[in-house]
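Numbered from 1 within each chain, the chains take letters A, B, ... in sequence-line order. Worth knowing before you read on, the calculation uses all heavy atoms, side chains too, and leaves out hydrogens, waters and symmetry mates.
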There are 2 protein chains.
Amino acid sequence: MSSPGKRTTELETKDLLLEVAIDLFATKGYAATSIRDIANGMGMSISNIYHYYGNKEGILLAIFEQSAVRLYEDLERVAELDMDPAERLGLLVKTNLTHTGRFRNEARIYTIEREQYPPEAQERVKRLQRQILDMYVGQLRAIAAQGLLVHGDITVLAFNILGVVNWPLRWFREDGPLAFDQVVEEIAGFVLRACLRPEAVPESYSAII
Amino acid sequence: MSSPGKRTTELETKDLLLEVAIDLFATKGYAATSIRDIANGMGMSISNIYHYYGNKEGILLAIFEQSAVRLYEDLERVAELDMDPAERLGLLVKTNLTHTGRFRNEARIYTIEREQYPPEAQERVKRLQRQILDMYVGQLRAIAAQGLLVHGDITVLAFNILGVVNWPLRWFREDGPLAFDQVVEEIAGFVLRACLRPEAVPESYSAII
DNA sequence: TGCTATATCGAACGATTGATATATCACGAG
DNA sequence: CTCGTGATATATCAATCGTTCGATATAGCA
């Protein structure tokens, strides 16, 4: 750490705080979670929260920044791969799903409806959500350039993809009967079949055997 | 009205109250909306809310019951129509979309994540959501019986449909560039292409033209 | 004309909220 | 060993929360 005087636990406390907040925000919701809930959850007093993050909104922003940016960068890396556009779209969907599967609670937070963010945060949230949508639009355009895309509005297609990809946050249970990996495969197939002309759907996604 | 003593306005007040609450819950969220916000929005005192609905949760329950049941019944009517299963699934999707388009604010409320409902309400919410999912599963089964369904887990397919169908609640703007009717058509096509073997997709949905 | 039920009100309750101000603690630099 | 600084705790704030209260006004019934 750069500055002196740390009690050796700054990072741990700061991160523990985020961890607890992520958990509570994701389950109870941001508005229904109190500063005291968080302090309680980490077994410390509320002072730390104000010491490290300024105010309640600061926690939310930190969570959003940390995890939404990470998602965006993960996706961007895939989006720029030099490969067949259809396969790349499938990989993008799977990457997105894997990400939200691994960081489930964080994902539930950055997919909160924008209106429920504090007004000051909304612009930032909107921009990042827009960037992710645009990434899907870009992938679809590459496919369209090959004449392999179904007809229809590309933006609607992209929104539909986001819908299917984010919905498992609402229903998938780790302890349920389905394996997450299998769900990822099936959703990727669902997306490709819906977006591509039938003859362009890679065999591994067509789910027709 | 059955009982005496009404000041001629009970129905109007009771409904106005729900209307205001629906609007506020849908935009600010349930937890972030105070009883006083609602009273303020209808230009009356807090007492009426408790007079008519007992407590804050009572309002939420009344909204849920009124609108979620209406959606379910609308869908059930379509699900029981005697017609080609593929066409019927398309019609079901369009009915669902039209419903959430017309009752947008209500729909945003009954699609709130279940955990954010008061504990006493969760069981009721869960049951109705399950019933709607099962309706889609039933439609998919009918298609599978004809050998026209893609391979894969039917439940995952049904969840995917719900994802695509409910997502417009998050992004569609009445004053945006897209006409809602067109979006409805495109989403129905998206769903059918993703669920049916290519040769089974009705021409009107195939969007290949 | 009373009697009762409904509709509405304003004021108040105790609890909890986000936030702050002040204090104590631990430790590294000198 | 002292001193300062960052980490944590305690005490407290005004505001707002959901809820309850007693009161009043109005309507139909006897």
- Query: Between A/Arg170 (side chain) and B/Gly163 (backbone), is there a donor-acceptor pair under 3.5 Å?
  - Reply: no

- Do the side chain of B/Arg104 and the main chain of B/Leu169 share a donor and acceptor less than 3.5 angstrom apart? yes

- Write out all pairs satisfying side-chain hydrogen bond (donor to acceptor under 3.5 Å, both in side chains) with one or both partners inside residues 173-188 of chain B, taking only residues at least two apart or from two chains. B/Lys94-B/Glu185, B/Gln182-B/Glu186

- May I ask you to check whether over 12 heavy atoms, not counting those of B/Glu123, lie within 6.0 Å of atom CD? no

Interface polar pairs with nucleotides 11-14 of chain C, N/O, under 3.5 angstrom:
| from | atom 1 | to | atom 2 | distance (Å) |
| --- | --- | --- | --- | --- |
| C/dA12 | N6 | B/Arg36 | NH2 | 3.3 |

- Query: With nearest nucleotides of DNA chain D determined for A/Ser45 and B/Tyr50 from heavy-atom distances, which residue corresponds to the more 5′ nucleotide?
  - Reply: A/Ser45

- Note on the structure: Rounded to whole Å, the CD1-P distance (A/Ile38 to C/dA19) equals 11 Å

- Do the numbers put A/Arg70 on top of the ring of A/Phe103, so that NZ or CZ is under 6.0 Å from the six-membered ring centre and no more than 45° off the axis? yes

- Query: Where each residue is assigned the nucleotide of DNA chain C containing its nearest heavy atom, which of B/His51 and A/Thr33 is assigned the position nearer the 5′ end?
  - Reply: B/His51

- Query: Is any side-chain N or O of B/Ser34 closer than 4.0 Å to OP1 or OP2 of D/dC17?
  - Reply: yes

- Can you find a side chain N or O atom of B/Tyr52 that sits less than 4.0 Å from OP1 or OP2 on C/dT8? yes

- Message: Any side-chain N or O of A/Asn48 below 4.0 angstrom from OP1/OP2 of D/dT8?
- Response: yes

